[in-house]
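Have a look at the structure below, then the notes.
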Protein chains: 2
Amino acid sequence: MTDIAQMAFRALSDPSRREMLRMLGDRDLTVAQVSDGFDMTRAAVKKHLIILEEGGLIRSRTQGRERINTLHPDGLRPVLDWLGWFDRFWDDRLSDLKATIEQKDPSDD
Amino acid sequence: MTDIAQMAFRALSDPSRREMLRMLGDRDLTVAQVSDGFDMTRAAVKKHLIILEEGGLIRSRTQGRERINTLHPDGLRPVLDWLGWFDRFWDDRLSDLKATIEQKDPSDD
DNA sequence: TCAATATAAAACCAAAAGGTATCACAATTG
DNA sequence: CAATTGTGATACCTTTTGGTTTTATATTGA
């Protein structure tokens with residue numbers, strides 16, 4: 001199935017993969033560097049990264065013998081688009097929620 | 001695992017379940033009524049509804065011999081909270097994106 | 001009452017998911 | 001060059017997922 005949104009939702013459904021996205025939000029990382037943050041083999045991490053890339057959430061480029069993984073935030077758009085449909089059910093909509101979120105973690109840098 | 005956000009993400013990872021949420025966005029539905037919209041048995045639909053309820057995305061109440069399923073939009077908040085972390089990576093943030101979404105489907109009612 | 005209907009619950013099954021171990025190979029480094 | 005390191009690719013294993021079928025039970029309606 002090549003449904004873009006589906007591949008993104010699928011990629012987000014695993015907690016390890018979501019954590020990887022956050023790690024990559026701080027800086028680009030090689031497969032080995034990502035693996036350092038998890039209690040699983042590199043092979044397993046590699047598979048997760050493939051799924052994240054298939055979901056459009058990261059990009060990767062090979063540099064020498066290493067593969068550099070980069071967060072691709074735009075890949076979250078299909079997810080936000082889908083969630084946007086439910087906007088009409090909130091009094092404080094996505095726009096206000098954004099402010100709420102930013103308030104919640106004022107120094108989360 | 002009782003992680004709220006995880007259960008919500010999990011519930012959203014299946015396209016049939018996402019479609020069910022949209023159906024329930026229009027009106028409350030019994031299990032049988034939801035089943036009418038899908039090419040699968042009631043038992044299968046029922047399981048999906050259980051997962052949606054575990055994810056906090058719907059509520060259900062029994063009325064006579066029927067079970068009425070209701071959308072519970074607040075259940076999406078943990079998901080939006082998580083996504084909010086990535087807000088800093090967009091120039092047009094969630095707030096602007098919301099406008100974009102509303103533009104895209106002006107008569108999607 | 002009796003038949004039909006809606007849900008519930010359990011057993012079962014194939015495929016997908018998440019993980020491991022292993023081997024191969026290219027790129028680096030001493 | 002030789003040893004090490006990082007990745008890639010398989011094969012394999014176990015658990016979860018998404019589905020079916022079957023059986024049971026509670027409501028409803030004629």
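In what follows, every chain begins at residue 1, and chains take the letters A, B, ... in the order their sequences are listed. Computation of the quantities below employed the complete heavy-atom set of this structure, encompassing side-chain atoms and omitting hydrogens, waters and symmetry-equivalent molecules.
Of the candidate nucleotides C/dT7, C/dT20, C/dG18, C/dG18 has the atom nearest to the side chain of A/H48. The side chain of A/A43 approaches C/dT20 more closely than any other nucleotide in the set D/dT20, C/dT20, C/dA6. Checking D/dT20, C/dA17, C/dA21 against the side-chain heavy atoms of B/M40 singles out D/dT20 as nearest. With distances taken from any side-chain atom of A/R67 to the nucleotides D/dG18, C/dT7, D/dG8, the minimum falls on D/dG8.
The two residues B/D14 and A/Q6 have their closest heavy-atom pair at C-OE1, 4.5 Å.
Using a 4.5 Å cut-off on side-chain heavy atoms (C-beta onward), B/E66 and B/Q33 make no contact. Between B/T62 and B/R67, the closest side-chain pair of non-hydrogen atoms falls below 4.5 Å. Residues B/L21 and B/L71 form a side-chain contact, since some pair of their non-hydrogen atoms from C-beta on lies under 4.5 Å apart.
A straight line from CZ of A/R42 to C1' of C/dT22 spans 15 Å, rounded to a whole angstrom. Here D/dT5 presents its C1' atom at 14 Å from CD1 of A/I68, a figure rounded to the nearest Å. As a whole-Å value, the separation of A/K47 NZ from D/dT10 C1' is 9 Å. Rounded to an integer number of Å, the gap from B/I50 CD1 to C/dT7 C1' is 10 Å. At whole-Å resolution of the value, CG in A/L49 and P in C/dA17 are 16 Å apart. For the pair A/E66 CD and C/dA27 P, the interatomic distance rounds to 12 Å; values are reported in whole Å. In this entry the distance linking CD of A/Q63 with C1' of D/dT5 reads 15 Å, nearest Å. In this structure, B/L12 places its CG atom 14 Å from P of D/dT17, rounding to the nearest Å.
Checked for salt-bridge contact, A/D28 and A/R61 meet the test: a charged N lies under 4.0 Å from a carboxylate O.
For D/dT5, its base sits under 3.5 Å from the side chain of A/R65 at one donor and acceptor pair at least. Contact annotation: side chain of A/K46 to base of D/dG8, donor-acceptor pair absent below 3.5 Å.
Contact annotation for A/T30: backbone-only contact, meaning every heavy-atom pair under 4.0 Å involves sugar-phosphate atoms and none involves a base. When heavy atoms are screened at a 4.0 angstrom cut-off, B/A32 is found touching the sugar-phosphate backbone but no base atom.
Between B/R10 and the phosphate of D/dT16, there is no side-chain N or O to OP1/OP2 separation shorter than 4.0 Å. A/T41 has a side-chain polar atom (N or O) that falls below the 4.0 Å cut-off from OP1 or OP2 of C/dT20.
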